Amino acid sequence: MRMKVIRVSIIVLIGCLLIGCVQIKDDSISNEAVNTQTADNIDIVEVKADVNDNSAEAINLDDVYRQYKDILVEFMKSGVLHMDDRDIETPEAEMNTVLKYSSFAVEDIDNDDIDELIVYYDDACMAGMIAVIYDFIDGQAMYKFMEFPNLSIYENGTIEAGWSHNQGYAGDFWPYNLYYYNPNTNEYDAVGSVDAYDKGLYECNKEVLDASGSPFPAESDKDGNGFVYYIYENGLEDYQKIEPVDDEAYQKWLNQYTDGTNKISLDFYRITNETVERIGDKEYFENLKNSESDFYVAPYY
């Protein structure tokens, strides 16, 4: 499989804030005039507040969906998915394969009452699989997040992004990177990675693992459930060199980012002219799902 061509694009965002300031210097101005001026200023502030209102109520959802459609239409035509500092470019010879396996979901995953666009780019090769999330920010559909397309999303917006491979000792536990959704910044903060050691895997390879000096750390498995966890908060430089923790410590660490919420289920659909054109039509997609249409794709998780 041919490697994807990743081109780097630098986008410079320049913002200008113009602040107008009015001073009243004449002490002889009457109270009535001052009151009138104050009332006028209040009116101005209210008008400005309406103009700058970026709440869900002030946003035309048709515009949101139109811009999401534009992203996918361009992708179908050119094979390009835009991101901040680089674009995904699909070679023409691979477009049929990519469109066959790629999919999208449109769902509110950060609880702001505005749907996000989640695209799973899949060229049938593990190395070429990517998940991209777009959000509607300041009137524009913008790239927001990229990872391997094995996402589990919690009700509070936190994302577990499963690793592309599980080649360690985790066994039935799939390692992942954790991203906390920060509502104050509207960004995903990378907070750490989690791997595990599965006692069941150890029992099947006991002689080899004992000989290599990697026995199952039974002393850390205080609850006896056969799993211990490695929590990496500073990258993977210390991969499997740090002390593992038991389930209680692992759950406590995880809950501080998930707020104890559950994972949500996202429905993905094939990227076709028909499905893209119907973005925003909730009833249409619900019918696709219930009718077991080929356009409906079961989530990867």
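Quantities reported herein were computed from a predicted structural model and do not represent experimental measurements.
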Contacts of type side chain to side chain donor-acceptor pair (under 3.5 Å), residue Trp174, not counting sequence neighbours = none

Any chance CG of Asn234 has more than 12 other-residue heavy atoms, nucleotides or ligands included, within less than 6.0 Å?
-> no

Do any pairs count as a side chain to side chain donor-acceptor pair (under 3.5 Å) and have a residue in residues 212-224, sequence neighbours left out, and if so which ones?
-> Tyr169-Ser214

Do Thr97 and Asp123 have a side chain donor and acceptor closer than 3.5 Å?
-> no

Distance-only polar pair, side chains of Thr272 and Thr275, donor-acceptor under 3.5 Å = yes

Excluding sequence neighbours, so at least two apart, what forms salt bridge (charged side-chain N to carboxylate O under 4.0 Å, His left out) with Lys289?
-> Asp267

Only pairs at least two apart or in different chains count here, so list each salt bridge (charged side-chain N to carboxylate O under 4.0 Å, His left out) that has a residue in residues 178-190.
-> none

If we only count heavy atoms from C-beta on, is the Asn186 to Tyr181 side-chain gap below 4.5 Å?
-> yes

Those residues at least two apart in sequence (or on a different chain) that pass side-chain contact (heavy atoms from CB on, under 4.5 Å) with Glu283 are Asp281, Asn287

Aromatic contact, Tyr188 with Phe145 (centres under 6.0 Å) | yes

Residues which pass side-chain contact (heavy atoms from CB on, under 4.5 Å) with Gln256, listed by chain and number, not counting sequence neighbours | Trp253

Mind checking what makes salt bridge (charged side-chain N to carboxylate O under 4.0 Å, His left out) contact with Asp135, not counting sequence neighbours?
-> Lys144

For residues 160-179, pull every pair meeting salt bridge (charged side-chain N to carboxylate O under 4.0 Å, His left out), keeping only residues two or more places apart or in separate chains.
-> Glu160-Lys263

Look at atom NZ of Lys69 and say whether more than 12 heavy atoms of other residues, nucleotides or ligands are closer to it than 6.0 Å.
-> yes

Ile88 and Ile130, any side-chain heavy atoms less than 4.5 Å apart = yes

Salt bridge (charged side-chain N to carboxylate O under 4.0 Å, His left out) with Asp70: which residues, sequence neighbours excluded?
-> Arg66

Where do Asp210 and Pro215 come nearest, in terms of heavy atoms and distance?
-> OD1-CB, 3.3 Å

Kindly write out the residues that satisfy side-chain contact (heavy atoms from CB on, under 4.5 Å) with Gln140, not counting sequence neighbours, or none if the list is empty.
-> Gln67, Met142

Residues passing the salt bridge (charged side-chain N to carboxylate O under 4.0 Å, His left out) test with Asp115, sequence neighbours excluded, are Lys282

Partners passing side-chain contact (heavy atoms from CB on, under 4.5 Å) against Asn205 (at least two apart in sequence or in another chain) | Leu201, Leu209

Has Asn96 got more than 12 heavy atoms of other residues, nucleotides or ligands less than 6.0 Å from its CG?
-> no

Should Thr90 and Val80 count as side-chain neighbours, where that means a heavy-atom distance under 4.5 Å?
-> no

Answer yes or no for Arg278 and Tyr284: cation-pi contact, defined as NZ/CZ to six-membered ring centre under 6.0 Å and angle to ring axis within 45°.
-> yes

Return the orientation label for the Tyr134 and Tyr143 ring planes: parallel under 30°, perpendicular over 60°, tilted otherwise.
-> perpendicular

Tyr120/Phe268 aromatic ring centres below 6.0 Å | yes

Identify the residue among Phe227, Tyr229, Tyr197, Tyr230 that makes a ring-ring contact (aromatic ring centres under 6.0 Å, His included) with Tyr250.
-> Tyr229

